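Beneath this line is the structure, given in structure tokens, with notes to follow.
Chain identifiers are assigned alphabetically (A, B, ...) following the order of the sequence lines, protein sequences preceding nucleic acid strands; residue numbering begins at 1 within each chain. Since this is a predicted model, take the numbers as computed values, not measurements.
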Protein chains: 2
Amino acid sequence: MTTRKRGRPKADADRDLRGELLRTSRLLLDEGGVAALSMREVARRAGCTHQAPYHYFEDRESILATLVADGFDALAGRLKAANDLVIQQSVRTALIMSGRAYVDFALSQPGVFRVMFRPDVCNPMRFPAVLEAGGRARAELDRLTRIVHGSQATSEQASILWAHVHGLACLLIDGPLAMAFGTEQERQRHLEGVADGFADMLLASGAGGSSNPGRRRKKDVS
Amino acid sequence: MTTRKRGRPKADADRDLRGELLRTSRLLLDEGGVAALSMREVARRAGCTHQAPYHYFEDRESILATLVADGFDALAGRLKAANDLVIQQSVRTALIMSGRAYVDFALSQPGVFRVMFRPDVCNPMRFPAVLEAGGRARAELDRLTRIVHGSQATSEQASILWAHVHGLACLLIDGPLAMAFGTEQERQRHLEGVADGFADMLLASGAGGSSNPGRRRKKDVS
DNA sequence: ACAGTTAATGGACACTGTCAACTTGACTGT
DNA sequence: ACAGTCAAGTTGACAGTGTCCATTAACTGT
């Protein structure tokens, strides 16, 4: 009979249980959806007892919140990189690459992406880090709006931009576009077509940065 | 000591337990999200034992599927009504009213709407009724695409349309637009602005029905 | 009258999140 | 050297969940 150890184990710096728990959680989330991420299953896969995770995370929602905050951070980073292209390249490039960044992120981490916009699963109000990171992503999209429409851009224009990329991402991971394509290449072609079409529409309708006051405005982007 | 009844109760045509269960489920879904809809809580509120619902629904997912199918039906109906406006009114009216129909539906039944696009919660493959109703809604959006872009409309144009309305709905019920407005009126103003802006963009960029072949096409809407 | 079906009942099981109490190793100041 | 504190776990328990199972009473067709 092998008596199990109790109490604190000997120092094992290579362990990093917290990191292991997060990695496992992200896997479960991407594989089986939010329902598959159970505290006990995470513990089981990480090789600890069902209570050990509670030492690092207050509750189940807290572990989700950590992933969500990281997700918004990563998204904001990708968007910033795409927006920065406006300097070396063109407005159109920045617009198209931002859209691709948003969609690529959703496709690469669908599990996390879904929870990022599900306040009933992970309530941002409880987690300041989530609010902050979400704000950074939002700021990057507002910046893109100004890149496209100039400094006088309206909040309505921001909504059109965000709705487009977000809707596209949602339809791709959960909606009818999830299974519409046979090959990955086919999907890429479609997405390029959508991005081109949207960019044409947006840039043709009197949007050309500050050099083009054009149509009547309503309210500035916050 | 009041001995509880067992077995089948006396006929009570006014009961309609199935309908009661569905109504209760929709309430729970809209109030506390999908996590709040538990088989036992539904049964409790409907005034039956925890097993009675299993007589009408195979499992929890099946009760969700019924609501989702009804949801897609209702959505398809609203979209059809909006699309039909093209006859008496204009293309622009049909486009704007379709967008409003989609958003209004999401706002009026947020709980159901969310599950409609969450295959990890309710897998459409399991429920033919969901697939069918979803197909009807999709067909209505494809029809709108042809109304706007003519019979040669591409699947990319359909994606742009769907992504716009769907993204907008998502951002309104769960995203940053959920709490961006103080008053209901404020939100309505914003939505009108978004709809106007989007319609301007779409109709200005060489989309005018079959009378305008215009830009190069790629692939027809299925 | 009687068998079969329908619409329920109550009990049990495994699983979940979380609370509480405990153990133990490592580090601290004296 | 040694008591005290903290970190990082441990085990055990509880209520709530979805679902399987056997049971039972009322209705239905023959």
Side-chain angles (χ1 to χ4, degrees), chain A residues 1-22 24-25 28-29 31-67 115 120-123 126-127, chain B residues 1-22 24-25 28-29 31-67 115 120-123 126-127:
Chain A
M1 157 184 155
T2 58
T3 54
R4 289 217 191 131
K5 285 181 186 171
R6 287 179 69 106
R8 180 182 195 175
K10 286 185 180 173
D12 186 355
D14 299 347
R15 182 75 195 276
D16 183 25
L17 182 55
R18 205 189 106 104
E20 185 78 21
L21 290 168
L22 285 177
T24 308
S25 297
L28 282 171
L29 212 53
E31 282 174 17
V34 63
L37 188 139
S38 95
M39 223 62 186
R40 290 174 115 105
E41 181 63 22
V42 170
R44 231 169 279 139
R45 297 211 188 183
C48 61
T49 56
H50 67 275
Q51 277 296 339
Y54 282 89
H55 194 75
Y56 301 98
F57 305 98
E58 202 179 346
D59 51 17
R60 195 182 98 114
E61 195 177 345
S62 170
I63 197 170
L64 284 169
T66 309
L67 294 177
V115 183
D120 56 325
V121 172
C122 170
N123 178 11
R126 269 191 62 195
F127 307 94
Chain B
M1 158 184 157
T2 59
T3 55
R4 288 214 191 135
K5 285 180 188 174
R6 284 179 71 104
R8 181 179 193 175
K10 287 186 181 174
D12 185 354
D14 298 349
R15 182 76 195 275
D16 182 24
L17 182 54
R18 206 188 106 103
E20 184 78 19
L21 290 168
L22 284 177
T24 309
S25 296
L28 283 171
L29 211 53
E31 282 173 16
V34 63
L37 187 141
S38 96
M39 222 62 184
R40 290 173 116 105
E41 180 63 22
V42 170
R44 232 169 278 139
R45 296 210 190 183
C48 60
T49 56
H50 66 279
Q51 278 296 337
Y54 282 87
H55 194 75
Y56 301 97
F57 304 98
E58 202 180 345
D59 51 17
R60 196 183 98 116
E61 197 177 344
S62 169
I63 197 171
L64 284 169
T66 309
L67 294 178
V115 184
D120 56 323
V121 172
C122 171
N123 179 11
R126 270 191 62 196
F127 307 93

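Put simply, the side chain of B:Arg60 gets close to the backbone of B:Leu37: a donor and an acceptor are under 3.5 Å apart.
Atom CD in A:Glu58 sits roughly 13 Å away from atom P in C:dA20 (whole-Å rounding). When the P atom of C:dG17 is taken as reference, atom CG of A:Leu21 falls 13 Å away, rounded to whole Å. Between the P atom of D:dT10 and the CZ atom of A:Arg44 lies a distance of 14 Å, rounded to the nearest Å. Atom CZ in B:Phe57 sits about 13 Å away from atom P in D:dT19, given to the nearest Å. Here D:dA15 presents its P atom at 21 Å from CE of A:Met39, a figure rounded to the nearest Å. For the pair A:Ile63 CD1 and C:dT16 C1', the interatomic distance rounds to 15 Å; values are reported in whole Å. Rounded to whole Å, atom C1' of D:dT10 lies 13 Å from atom OH of A:Tyr56. We find that CG of A:Asp16 is positioned 11 Å from P of D:dA8, with the value rounded to whole Å.
For B:Tyr54, whose side chain is taken as the heavy atoms from C-beta onward, the closest listed nucleotide among D:dT19, D:dG9, C:dT9 is D:dT19.
Between A:Leu22 and A:Phe57 the shortest side-chain heavy-atom distance falls below 4.5 Å. In this structure, B:Asp59 and B:Ser62 have side chains that are in contact, with non-hydrogen atoms separated by less than 4.5 Å.
Ionic pairing of B:Arg126 and B:Glu61 is present here: one or more N-O contacts between side-chain nitrogen and carboxylate oxygen are shorter than 4.0 angstrom.
Comparing B:Pro9 and B:Arg40, the nucleotide of DNA chain D nearest to each residue sits closer to the 5' end for B:Arg40. Projected onto DNA chain D by closest heavy-atom contact, A:Gly47 and B:Ser38 fall at different nucleotides, the more 5' of which corresponds to A:Gly47.
Checked by distance alone, B:His50 brings no side-chain donor or acceptor within 3.5 Å of a matching partner on the base of D:dG16. Taking 3.5 Å as the limit, the base of C:dT6 and the side chain of B:Arg8 contain a donor-acceptor pair of atoms between them. Residue side chain A:Arg60 does not reach the base of C:dT16 through any donor-acceptor N/O pair under 3.5 Å, judged by distance alone.
Residue A:His55 places at least one side-chain N or O under 4.0 Å from the OP1 or OP2 atom of D:dA8. Considering only side-chain N and O atoms, A:Thr49 lies nowhere under 4.0 angstrom from the phosphate OP1 or OP2 of D:dG9.
Across all their heavy atoms, A:Thr66 and A:Arg18 have their closest contact at CG2-NH2, 4.1 Å.
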